[in-house]
Structures are given as structure tokens and as C-alpha cells.
Amino acid sequence: MLHNKLDIANLNTPIQKLDQLSDALGKNIYIKRDDYTGSEISGNKVRKLEYTMQYVLDHGYDTIITTGAITSNHARATAALCAKCNVSYLVLRGEMAEYEGNLFLDAMLGAHIHIIEPTSSREDAMDKLYKTFEGQGKTPFLIPVGASDWIGTHGYVNAYNEIIKQQDELKVHFDSINVAVGSGGTYAGLWYGQMINCETTQIIGYAVDQSAHTFKNKVIEIIKQLDETIQSYETITINDAYIGLGYGKATDEELQFYIDIAQKEGIILDPTYTGKAFRGLVHEIKSGAYDNQDNILFIHTGGLQGYTQETRLRLQTMLHKIDLSLLK
Ligand SMILES: *Cc1c(COP(=O)(O)O)cnc(C)c1O
């Protein structure tokens with residue numbers, strides 16, 4: 001295990017109870033605000049990057065290469081952390097859109113942005129950059145998608161320890177911790193934290209794009225890099241029934257759900273990660289899958305910048321119209 005990390009994120013993040021939803025569902029539903037970790041660095045990625053960047057500094061690397069979707073929260077958090085040193089190279093895959101959301105922030109933060117086709121390999125593109133920098137006498141470091149490797153996942157082992165302390169403060173024991181799964185590092189850290197603390201809390205992941213099987217293997221791979229002694233991975237629980245139309249895409253029903261949560265609880269879920277996962281959680285509670293649980297924690301992992309122009313335009317037709325007449 002690594003013991004040193006940068007101290008950049010706003011930690012501990014608060015845990016709040018969602019009163020209306022708790023009443024409606026007959027459970028105590030709590031939300032941990034990892035969307036409050038910061039502003040430019042907001043969301044779950046900075047917890048992982050605190051370890052990754054410490055590792056980079058400790059080992060003398062001078063250039064950071066990482067990757068993600070055009071809308072990547074991870075790329076944006078990396079760009080923010082690397083801004084002062086002007087060393088971040090982002091390989092972003094997808095259709096080039098206007099400078100909006102995270103892409104806009106990446107550019108503002110001075111990241112060097114490379115866009116590749118939706119069908120191209122991110123790893124090949126990163127390798128190419130790596131070799132170029134090596135040829136220039138630099139010492140580049142590749143951060144994988146989502147910083148989801150044995151280093152980054154420490155951020156969520158740490159988050160698990162934070163939750164244990166908060167349980168004492170709140171005088172509650174969470175029966176489950178629920179989270180979106182996009183590259184697996186967040187889930188892996190929580191699951192491993194739960195394991196080594198011998199806790200009974202179930203860690204339940206909601207896949208946002210690939211199958212539960214694929215993600216389970218990814219999570220196991222990350223944990224194996226961290227600790228070879230784990231015997232059983234049976235309790236890894238990932239639900240892939242709420243992927244819907246796929247990565248970053250939302251149905252009208254999903255959008256309506258996000259509106260409802262925003263207007264009932266004052267919390268904005270994002271259409272790529274937390275929205276899918278939270279909708280999954282609510283559906284599963286309604287269908288009885290959580291009947292033996294009373295205290296349920298959801299981690300809001302951030303992602304507010306994920307509302308693209310396309311989604312915003314669709315939402316506009318579903319929201320209260322703005323009253324343009326002047327108040328008399
Ligand atoms: C990346 C991300 C996730 C998923 O976390 P992983 O560690 O990649 O599985 C969840 N929510 C948001 C907002 C994210 O940006």
C-alpha cells in the first residue's frame with residue numbers, strides 16, 4: 001500500500017440524508033458528496049489522482065499522458081492538477097464538439113489536447129505520444145483511463161476509511177454503499193477497503209457502459225495489482241441493468257428522473273454516471289432488492305459538466321418555461 005498522497009481535494013466530503021426520498025422509499029437514503037471535492041477538480045477522480053500525482057512526483061516523471069472521452073471528468077481533473085506545470089497531454093476519443101463542459105475546461109487549464117476518432121485505440125495513441133516524448137529525452141508517465149489502476153484505487157480505500165469514521169459520527173451503519181462503475185477504480189477501492197476492514201457493508205456497483213462480467217474482471221485485475229493475497233472475489237456485486245442507451249446517452253425517462261431528483265432534493269445527477277447509478281438504485285429498492293437493508297449510502301461522484309448541448313436542449317423542452325415578462 002502507498003502511504004503518501006497529495007493533499008488537494010476537499011476532504012472529508014459530507015454525508016447528507018435525502019429526506020424526501022427516504023420517506024418515499026421507506027429507507028434511510030444517504031448521499032456522500034464527492035461532487036464537493038473541489039471545483040476544477042470536482043468529483044471522484046481527484047481522490048485517485050492525489051495518489052497518482054504523488055507517485056509521479058516521487059519517481060521523477062516530467063510529462064503526464066492520459067486519456068478518456070471528450071467529456072472526460074478524469075481528463076479535466078488531471079488537466080487542473082497539471083496546469084501549473086504545463087505537462088498534461090490528453091488523448092480524448094470521440095466526436096469533436098464545441099468547446100463546452102469538460103473540453104472547455106481542459107482547454108482553459110492549458111492541457112495539450114489530442115482528439116482521436118471514436119473507433120481508434122486510445123492505448124495506441126498514448127503509446128505514440130509516449131515514444132515521441134521519450135525520443136525528446138523526457139520521462140513520461142501514462143495514467144490509464146479514470147486513473148483506475150492499483151495506484152489510483154488507493155483514493156477509494158481511503159474514502160472507505162473516511163466513511164467508517166463518518167458512520168460513528170452519524171451513529172449509523174450503512175448496509176450498502178452504492179456507486180457508478182465506469183473504469184472500476186472507485187469500486188475496487190471501496191470493495192478492498194471493506195474487505196481489509198472486515199466490514200459487512202455490501203459494495204454495489206452500477207455499470208454505466210460495459211457488462212457486469214467485464215467490470216468484475218476489471219475490478220479483480222486492479223485489486224490483484226494491489227494485493228495478491230485475496231482469496232475470494234465473490235462479494236463483488238455489479239448491476240448492468242441500467243446502462244440504457246449507452247455511455248453518455250440518456251432516454252427521456254432518465255432525463256425526467258434527473259429533473260425529479262433535482263427538484264425534490266436539490267441535487268443534480270449527471271447523465272453519464274451518477275444519474276444511471278442512482279436511477280438503478282431507486283428502481284432496485286422499489287423492486288425489493290434492498291428489502292433487508294435500512295441504511296443505504298450512495299456516493300455522488302460528480303460529473304455535472306457532463307450535460308452536453310444535445311442533452312441540455314432536450315431538457316429545455318421538459319423544464320418550466322422561463323417567464324420573460326417583467327414583474328410589475
Ligand atoms: C469516472 C466517474 C465515475 C466512475 O468511476 P470509476 O472509478 O471510473 O469506475 C463515476 N462518476 C463520475 C462522475 C465519474 O467521472
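Numbering of ligands and ligand atoms starts at 1, following listing order.
Pocket lining of ligand 1, defined as residues with a non-hydrogen atom under 4.0 Å away: Asn44, Lys45, Lys48, Asn73, Ser148, Ala180, Val181, Gly182, Ser183, Gly184, Gly185, Thr186, Tyr273, Thr301, Gly302, Gly303.
Applying the ring-ring contact (aromatic ring centres under 6.0 Å, His included) rule to pairs touching residues 255-284 yields Tyr242-His283, Tyr247-Tyr273, Phe278-Phe298, sequence neighbours excluded.
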Would you list the atom pairs, donor with acceptor, under 3.5 Å between side chains in residues 102-114 and any protein atom, with sequence neighbours excluded?
unit_1	atom_1	unit_2	atom_2	d
Asn102	OD1	Arg76	NE	2.8
Asn102	ND2	Thr71	O	2.8
Asn102	ND2	Asn73	OD1	2.8
Asp106	OD1	Arg76	N	3.4
His112	NE2	Asn86	OD1	3.3

**Study point:** Check against ring pair (Phe, Tyr, Trp, His ring centres under 6.0 Å), Phe215 and Tyr187
**Key:** CA-CA 10 Å; Phe215 274 131; Tyr187 185 96; 9.4 Å; no
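Between Leu226 and His154 the shortest side-chain heavy-atom distance falls below 4.5 Å.
Other members of the cluster containing Leu142 are Ile65, Tyr89, Val91, Ile116, Met126, Leu129, Tyr130, Phe133, with ILVMFWY side chains joined at under 4.5 Å, either directly or via other members.
Of all heavy-atom pairs spanning Arg47 and Tyr51, the tightest one is O-CD1, 3.6 Å.
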